[in-house]
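Throughout, a chain's letter reflects where its sequence line sits, starting with A, and its residues are numbered from 1. Values below: all heavy atoms of this structure, side chains included; hydrogens, waters and symmetry mates excluded. Computed from a predicted model, the values in this text were never measured in an experiment.
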Amino acid sequence: METTSNSISFADGLYARVTDFYNYESGLLDGGRHEDWLNCLAENATYTMPVRMTLGRDVGNEIANSMGDERSGYYDDTKQTLARRLSILAQNTAWGEVPASRTRRFITNLRLFRVDDTHVKSVTNLLFTSMREAEIAPEIIICERHDTLICDDTTILVTERRIYCDNGAIPARALSIPI
Amino acid sequence: MNDATTREQHSGYAGENAEAALVDLERCEVKLTLMSDPAVYQAELRRIFGREWNFVCHVSEIPAAGDYVTRFIGNDPVVVARQSDGTIRTFANRCAHKGAMICRDDRGRAARFTCPYHGFTYSRDGEFLAMPQKSELYGHVDKTEYNLSTARTEVLYGLVFANWDHAARSLFDSFGAYNTILKLTFDRDIKGMEVIGPPQRWVVKANWKMVSEQFSGDGYHATSTHASMLDAKTRDKATKGVDVSANGSGARCIDLAGAWGHETGKGDSLEAQLHARPPAGMTSEMVDQFIATATREELFVLVNYPPSVGNMFPNCSWMRSALPDVATGEVVTYTDIKLARPLSETETEIWAWGLIERSATPDHNAKALSVRTIMFGPAGTVERDDVDMWQRIQVAVNGAFGRGAVAKYRALWAPEEPLLPDLKTWRGYSGENTSWHFFVRWREAMLQCRQGGA
């Protein structure tokens with residue numbers, strides 16, 4: 001659980017390192033460097049994105065309570081299944097990305113929490129935009145991302161990513177590539 | 001039985017109209033303006049979504065009394081609620097007072113529904129209960145005037161359908177010979193199927209009919225559209241099979257008999273064959289239970305030509321695939337229902353439910369879910385290519401000349417030996433037969449004008 005006692009502040013060196021990592025990682029995805037991006041994930045990494053529901057206030061307003069069943073979602077992946085998705089995408093016949101989407105990930109509001117000696121939890125806001133051809137308006141996904149990161153002196157890797165989107169309905173193309 | 005005659009007698013046919021004329025029965029062509037014309041969309045809302053059986057939910061979404069989900073029929077919001085006696089009711093999510101939408105939650109459990117505007121209250125079956133200050137303001141009021149409009153609700157194979165037209169033929173009759181196809185897809189397990197969580201929802205910039213027409217029977221597209229997914233061997237298998245159609249609902253069945261080189265006859269060898277080569281996900285207990293209640297026809301179709309993909313007219317498609325799990329290669333069965341909700345003439349919101357069989361092993365079901373999530377849905381490696389095609393069509397048919405363009409259905413031939421009585425059947429490479437029959441049925445539905453041209 002995230003509390004002020006285990007939070008890592010902006011002034012901490014680790015906060016700066018994680019910020020650098022997120023800037024680097026999102027740059028890889030925006031730049032279509034999918035192989036390099038997979039190297040940002042630990043071998044046993046999981047990547048999940050549940051369905052956003054609209055539920056009554058008495059059911060609970062927290063993010064987790066207005067998400068779908070744990071077993072289902074838009075993504076329910078491991079590093080291996082993500083690699084498979086991206087290898088299919090790399091082909092010229094992956095029509096969903098022909099022509100390619102121009103994506104941009106804006107990652108902000110980083111909150112960082114110490115879990116143990118090697119793990120931290122992060123919560124960030126992600127604004128994801130996707131434009132194609134000469135469309136007037138981008139497709140947009142707005143979400144809160146909950147990551148578990150494993151950090152040593154030289155490396156940061158994502159071991160768990162859970163994406164809680166605000167979107168009750170997803171725009172057509174937005175999830176073609178992991179956001 | 002001539003379906004067209006039955007429907008004409010049933011609802012007072014008025015004659016050819018502009019919308020129905022967009023489908024040319026002689027030339028087997030469809031004017032593509034029907035994919036972008038707002039007048040066609042408005043007419044569909046009344047003549048199709050207002051009078052056909054519309055899929056609203058799966059029974060497992062509302063298991064207990066008081067459970068409800070909020071859904072749409074066409075573009076009208078409805079509440080679908082489980083009653084105390086176990087039945088399911090569908091009523092307008094619209095207050096009888098001034099028309100406010102009553103409930104905005106996706107799902108919940110409630111004994112009653114209260115409109116927040118003036119506090120009018122309704123029971124869980126849409127019956128009016130009370131308004132505040134009734135005696136001071138309204139005196140005696142005829143309560144029946146305030147009951148919420150109810151759509152007729154019928155359930156088959158775990159699927160819940162609603163129809164605003166209380167004079168329409170039954171759900172079973174409207175499916176006709178297609179019933180067996182649905183039973184073999186959704187009703188194999190004595191314990192029933194269960195949805196895996198709430199539906200995925202995504203919005204595509206394309207007319208709903210592109211989705212429904214494709215799922216009615218376009219196997220032809222698999223080779224090219226899904227080239228990134230399929231190797232040459234799989235492509236060949238994907239485009240050949242047994243295509244069927246009844247009353248505008250279409251399906252493609254896998255030609256297992258062809259793959260094995262022989263058809264298993266209707267004698268006792270059907271049971272043995274089902275035990276020897278059970279469909280993916282079917283345990284031997286499930287096979288025993290299925291055999292105990294199935295007709296010989298049902299056994300014959302499941303063993304030789306299992307249904308794999310189709311569309312229930314008008315806009316509820318489904319898939320029952322046997323696909324290899326990515327990690328282990330084990331073949332699992334993944335079942336999916338997809339509703340193409342018509343937002344406008346150029347936009348559709350697709351809702352997709354994943355389903356598992358309760359009697360299948362948890363391990364199988366987990367793998368099936370994994371397959372589903374990777375291949376289908378808005379992030380799906382298969383589905384995103386289909387979405388791209390539909391959106392391509394919309395861009396091209398929106399133009400002034402595009403509206404006058406015509407889709408020509410030429411890969412057509414006469415139906416062959418029927419797989420089941422009254423089920424039109426075509427074998428071999430997937431032609432355009434069942435997709436064409438989607439439009440034949442669409443035209444029939446659009447012909448049925450009521451007084452006042454509704």
Subject >> Contact origin within A:Ile179 toward chain B - heavy atom pairs under 4.5 Å >> reply: neither
**OP:** With sequence neighbours excluded, tell me which residues meet side-chain hydrogen bond (donor to acceptor under 3.5 Å, both in side chains) with B:Glu330.
**Re:** B:Lys367
Original post:
Which atom pair, heavy atoms only, marks the closest approach of B:Arg201 to A:Gly168?
Top reply: CB-O, 3.8 Å
Original post:
Mind checking what makes side-chain hydrogen bond (donor to acceptor under 3.5 Å, both in side chains) contact with B:Gln391, not counting sequence neighbours?
Top reply: none
Subject >> Contacts of B:Arg320 that satisfy salt bridge (Lys or Arg N to Asp or Glu O under 4.0 Å) - sequence neighbours left out >> reply: B:Glu357
Original post:
Would you say B:Asp106's side chain and A:Thr54's backbone share a donor-acceptor pair under 3.5 angstrom?
Top reply: yes
Original post:
Which atoms of A:Arg84 come close to chain B, meaning under 4.5 Å heavy atom to heavy atom: side chain ones, backbone ones, both, or neither?
Top reply: side chain
**OP:** Measure B:Arg104 against the heavy atoms of chain A and call it side chain, backbone, both or neither at under 4.5 Å.
**Re:** backbone
Original post:
So what's closer than 4.5 Å to chain A heavy atoms on B:Glu349: side chain, backbone, both or neither?
Top reply: side chain
Original post:
Quick one: does B:Arg384's side chain get under 4.5 Å of A:Ile88's, heavy atoms only?
Top reply: yes
Original post:
So which part of B:Val204 gets closer than 4.5 Å to some heavy atom of chain A, the side chain, the backbone, both or neither?
Top reply: both
Original post:
Within residues 91-110 of chain A, which positions have a heavy-atom distance to chain B below 4.5 Å?
Top reply: A:Gln91, A:Thr93, A:Ala94, A:Trp95, A:Gly96, A:Val98
**OP:** Of all the heavy-atom pairs spanning B:Ala379 and A:Tyr74, show the shortest one and how long it is.
**Re:** CB-O, 3.7 Å
